[in-house]
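Chain letters run A, B, ... following the sequence lines, proteins first, then strands; residues in each count from 1.
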2 protein chains.
Amino acid sequence: MPQRDPFGASGVQSRRTRPAKPPLSRDAIVEEALRQITSEDDGTMSLRKIAKALDTGPASLYAYVKDMSELQALVLDRALEAVKVDETAGSWRDRLEALLRSYIEVLMRSPAVAMMAFQTTAVGPNALRIAEALLELLAQAGVDQLNAAWAIDMLTMFVTATAAEHADGTAPGAPDGPVAQAINRAPANDYPRIHAARTEIMSGTGDERFTWSVDVLVRGILSRAQS
Amino acid sequence: MPQRDPFGASGVQSRRTRPAKPPLSRDAIVEEALRQITSEDDGTMSLRKIAKALDTGPASLYAYVKDMSELQALVLDRALEAVKVDETAGSWRDRLEALLRSYIEVLMRSPAVAMMAFQTTAVGPNALRIAEALLELLAQAGVDQLNAAWAIDMLTMFVTATAAEHADGTAPGAPDGPVAQAINRAPANDYPRIHAARTEIMSGTGDERFTWSVDVLVRGILSRAQS
DNA sequence: ACCTGAACACCGTTCAAGT
DNA sequence: ACCTGAACACCGTTCAAGT
């Protein structure tokens, strides 16, 4: 006879208002956290909110999770599950760009996920899976092991940073944001080069800039590798 | 007769225990915030702590600052004041690296400052000053205006991301951190490339990696510029 | 206009007490 | 071992009231 039975004799909790209170578990907590963090209208998670959604008090979660930072690491790796590492066929170059694009897309699904990718360096199975795929592609490109090892750091950093930067929803080329205002109002006397390049600074779609940036990184990495 | 006199007739607050209560002002608030955020033992700021340090209640700050995010933007640009844009003479290449090094050093003085550089894109006078200097150096390098404009975005992103990543104090090559554990424990069957490159992944000092990364970026940017 | 105390609606974490 | 209510020590922000 199990000690905890959701349909037990007490029967108090079997009201039909809630869809059968889910059992507490590490997975359930991570899943609910991910649900909150990727929710459209809020996008923010908290132990108290998770506890409430799981019909318990905040203290109960500490039986399954050491603290907030451990939960964040779990949620981050869970989110990275959606990153496709071999979406397309084709050259290593095409597959690298596709992988980075999938990566960035997943991180941008939620500002909070993007921010988490900084505070906590991902070390779960999905982070490893992505790193392995990146190393494989760089090896195909002829990059030696040392340069490849350092390069994956730069590539993941680039993806994470790009996602985090655009995480607040403001498009990069938004012509009315505070950035645009600062650039356009920059006095030509004090900042002649910014003034001269103000059009170029605001130009390009997010996609164009992403493609350009990946190209810069790949060229730089290849240039180092063969020297 | 001024309406508010710190040494007025009431005299109650002129006890010698506190060094003459500073007058409330936008600058005083930003200065106190920066002091807290760069403090060794804490490194975290809050409106309530600032208010307390300035001998008032949290509500009083809202007369000078719209909200938390505006304060963060002010603090960030104030912190960027310490970035030296023309520390050394020499080639554009040397000066570029020196500038980026000064930038990253300032951001790493406090984890919170590094994190702020993401959430809020810096648009104050110091951010402009740095951008202007970067454009000038890239122009000397022969990079055209469009490529230079997009390049400064990448360079600042790289600096900010690097600072944020190492902001938690853990050295990049720390052989006992959770990252090292994850890499070393990665099973050779599932992750053959990670396993094979595990030494290289953990190798290099922060400084060596920084130099390497700047070189990758410069090579990539120059390669794009002349195509 | 500037400043305030008090309240509102939240946080993460701890702890003694229950089962 | 798992779970709980209640407390602890915080948050940012609002608001009616004061000067």
With sequence neighbours excluded, residues passing salt bridge (Lys or Arg N to Asp or Glu O under 4.0 Å) with B:R185: none
B:R198: salt bridge (Lys or Arg N to Asp or Glu O under 4.0 Å) partners, not counting sequence neighbours: none
Counterpart residues, salt bridge (Lys or Arg N to Asp or Glu O under 4.0 Å), relative to A:E208 (two or more places apart): none
Partners meeting side chain to side chain contact (heavy atoms under 4.5 Å, CB included) with B:V214 (sequence neighbours left out): B:R93, B:E97, B:L100, B:F158, B:F210, B:V218
Spacing of A:Q36 atom CD relative to C:dC11 atom C1', expressed in whole Å: 13 Å
Euclidean distance for C1', D:dC10 against C:dC8 (whole angstrom): 15 Å
Rounded distance in Å - NZ (A:K52) to P (C:dA9): 12 Å
B:S60 vs B:L24 side-chain heavy atoms within contact, under 4.5 Å: yes
Base-pairing string, 5' to 3', of DNA chain D - Watson-Crick or wobble, under 3.5 Å, | interstrand: ||.|||||...|||||.||
Sequence-distant partners of B:D77, salt bridge (Lys or Arg N to Asp or Glu O under 4.0 Å), two or more places apart: none
Residues that B:A161 engages under side chain to side chain contact (heavy atoms under 4.5 Å, CB included), provided they are two or more places apart: A:F118, A:M157, A:A161, B:F118
Please write out each protein N/O paired with an N/O of nucleotides 12-14 of chain D under 3.5 Å, distance rounded to 0.1 Å.
residue: D:dG12; atom: OP1; partner: B:L47; partner atom: N; Å: 3.2
residue: D:dG12; atom: OP2; partner: B:L47; partner atom: N; Å: 3.1
residue: D:dG12; atom: OP2; partner: B:R48; partner atom: N; Å: 3.3
residue: D:dG12; atom: N7; partner: B:R48; partner atom: NH1; Å: 2.6
residue: D:dG12; atom: O6; partner: B:R48; partner atom: NH1; Å: 2.6
residue: D:dT13; atom: OP2; partner: B:Y62; partner atom: OH; Å: 2.7
residue: D:dT13; atom: OP2; partner: B:M68; partner atom: N; Å: 3.1
residue: D:dT13; atom: O5'; partner: B:Y62; partner atom: OH; Å: 3.0

Separation of atom CZ in B:R26 from atom P in C:dC2, rounded to whole Å: 12 Å
Set of residues satisfying side chain to side chain contact (heavy atoms under 4.5 Å, CB included) with respect to A:D190, sequence neighbours excluded: A:P187
